[in-house]
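The next block holds one structure in the form of structure tokens; read it before the comments.
Model, not experiment: these values are computed from the prediction. Every number for a ligand or one of its atoms is a count from 1 in the order of the listing.
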Amino acid sequence: MTKSSPPAAPTVGFVSLGCPKNLVDSEVMMGLLDRAGARLTAHPEEAEILVVNTCSFIDTAKQESVDTILEMARHKTAGRARKLIVAGCLVERYRDEIQKNIPEVDAVVGTGELEAILEAAGLTPTPAPAAPSPFNILSSVHAETRPGKESQAGTHKSSAKGTGFSPYVKQQDLNGALAPEASQPTSRPEGDHRERAGRFRRDEWQGASHLLPTYLYDETTPRLLSTPRASAYIKIAEGCDHPCSFCVIPNLRGKFRSRRFESVVTEAEALVANGVREITLIGQDTTCYGEDLGLKDGLAALLDRIARIPNLRWLRFLYAYPNRITGKLLETIARHDNICKYLDLPLQHASPDVLKRMKRGAGAEIFLKTLHKVRAAVPNIALRTSFIVGFPGESLRDVEILEEFIAEAKFDWLGVFNYSHEEGSAAYALDGQVPKRSIESRRKRLMKLQQSISRRAKQNWVGRELTVLAEGESAETPLLWEGRTQYHAPEIDGKVYINDFGALENLEAGRFYRAEITEAHDYDVVARILAPENEQP
Ligand code: SF4
């Protein structure tokens, strides 16, 4: 009798769309697949199993998700792929519809069931090895298509070209002394109250499950990092309890819940021990971090703890809710040299009337006081925000108020979204729709103003000596390298183009250099390298 050999490991291709939070979900799913024996490939035409991790935040993101699914489906009908799996936010919204309308799709995996990727791929979960096995380069495949630089016109990163096809770095099986978090979902009284008030209802979404996601990964979950080796995201919380009337993210992602403090710290330590030098903490609203765990000023405490990890050069967080920026948080940012002087606080609008209808409150006057407080506490901090134009009922006077606010606030980075009318959002029922053409012309008007503000501000950078993280050859021309300063978040803000290596023959991607800014453009600047920086912070 011959012993049958085990089936060969399937080859999996992964496309990750949407925001960094979705990217972390992709990295977790890739980690699970890798640990179960799958082989990840950067080439969809080589894959036997294709996974598309989708976004459905707004209309354009949904369209991009559907287009990508259809593109991947072609590899199934006329290529090597035998299975197509759709994961992510689109599944939370159109679970039944996806398989009904796109028969090539074999399985769907929602944001709250990442571990189901294994069953969907026909793999058996593999228990974590007893000994820690930190990072290994799994593949030296370089990104053929890096995620597109986000335009100044929006803060929501979305790229059908795939964030999953970068060099993968494996983070797995860190010593899990702590119980898995997935079994202990937490919630805040605010979230429970909002749930009773109907905030998270999906009744109007035909084909969606009524169950809200509760999943949270932890430090024992395998992850396959797809960001450049020196930088990594850590998701510190999931979901959102805020009532913003234009937003369906809470319906897609569930109630706000924080990862345990020690779990985040353990993950950060493991990342740094394995070469990561820049950590970006992410969540829908990081400033609520720890409230469900009974922590006061939880984000400040977490930043303070992680900033003490030796060799961590840059630490930042995205995103801040404006009325939750405490003195303690600012004091923590100011105190640590390795916490980036950078704050992204999406304000959404400046007209009190619009903000009231958005169920966010406040207005230009209050925001200016907040910005003053931030700048006084953290000199030279770079501020980013995003706005929505064309919200139902937005008048020309509202746009003027926003314009005056932008002119006065002088943000370093700014994005403007066109309002997207989303079924399931509270704003869906509002009258006073603004025609699409008017929305677009309002957006252009605001971006033109920001362009002139940014151009003047960037001129002031010329002559400054700054630390630059070299990221690699420019996607636009091999004659230039690209990099970032602490004032640029990954993949979001303008670029530093490096056209002069100084005395160096070559630069190393993922290394920090002292550089002088020599030229400024509307959003980008040009730099010349002075010298490599010491590895120690
Ligand atoms: S804070 Fe508001 S806009 Fe942001 S995710 Fe929560 S509900 Fe949406």
- Give every residue pair that meets the salt bridge (Lys or Arg N to Asp or Glu O under 4.0 Å) criterion with at least one member in residues 18-32, sequence neighbours excluded. Asp25-Lys235, Asp25-Arg253, Glu27-Arg223
- Message: Quick check with a 6.0 Å cut-off and a 45 degree axis cone: is Lys495 positioned over the face of Trp413's six-membered ring?
- Response: no
- Message: Considering Arg199, Arg253, Met358 one by one, which has a heavy atom nearer to atom 7 (S) of ligand 1 than any of the others?
- Response: Arg199
- Query: Will you find, in the side chains of Ser65 and Thr54, an N or O donor that is under 3.5 Å from an N or O acceptor?
  - Reply: no
- Message: Applying salt bridge (charged side-chain N to carboxylate O under 4.0 Å, His left out), can you list everything that pairs with Arg202, at least two apart in sequence or on another chain?
- Response: Glu92
- Query: Got a protein heavy atom sitting under 4.0 Å from atom 4 (Fe) of ligand 1?
  - Reply: no
- Which residue owns the protein heavy atom closest to atom 8 (Fe) of ligand 1, what's the atom, and how far is it? Cys247 SG, 2.3 Å
- Is Leu347 close to Phe411 at the side-chain level, that is, under 4.5 Å between some pair of heavy atoms? yes
- Among protein heavy atoms, which sits nearest to atom 6 (Fe) of ligand 1, and what does the distance come to when rounded to 0.1 Å? Cys240 SG, 2.3 Å
- Message: Taking 4.0 Å as the limit for heavy-atom contacts, which would you say applies to Phe246 with ligand 1: side chain only, backbone only, both, or neither?
- Response: side chain
- Message: When you measure from the centre of the six-membered ring of Phe200, is the NZ or CZ of Arg194 closer than 6.0 Å and no more than 45° off the axis?
- Response: no
- Query: Which is it for Pro346 and ligand 1 at heavy atoms under 4.0 Å: side chain, backbone, both or neither?
  - Reply: neither
- Query: Which residue holds the protein heavy atom closest to atom 2 (Fe) of ligand 1, what is that atom called, and what is the gap in Å?
  - Reply: Cys244 SG, 2.3 Å
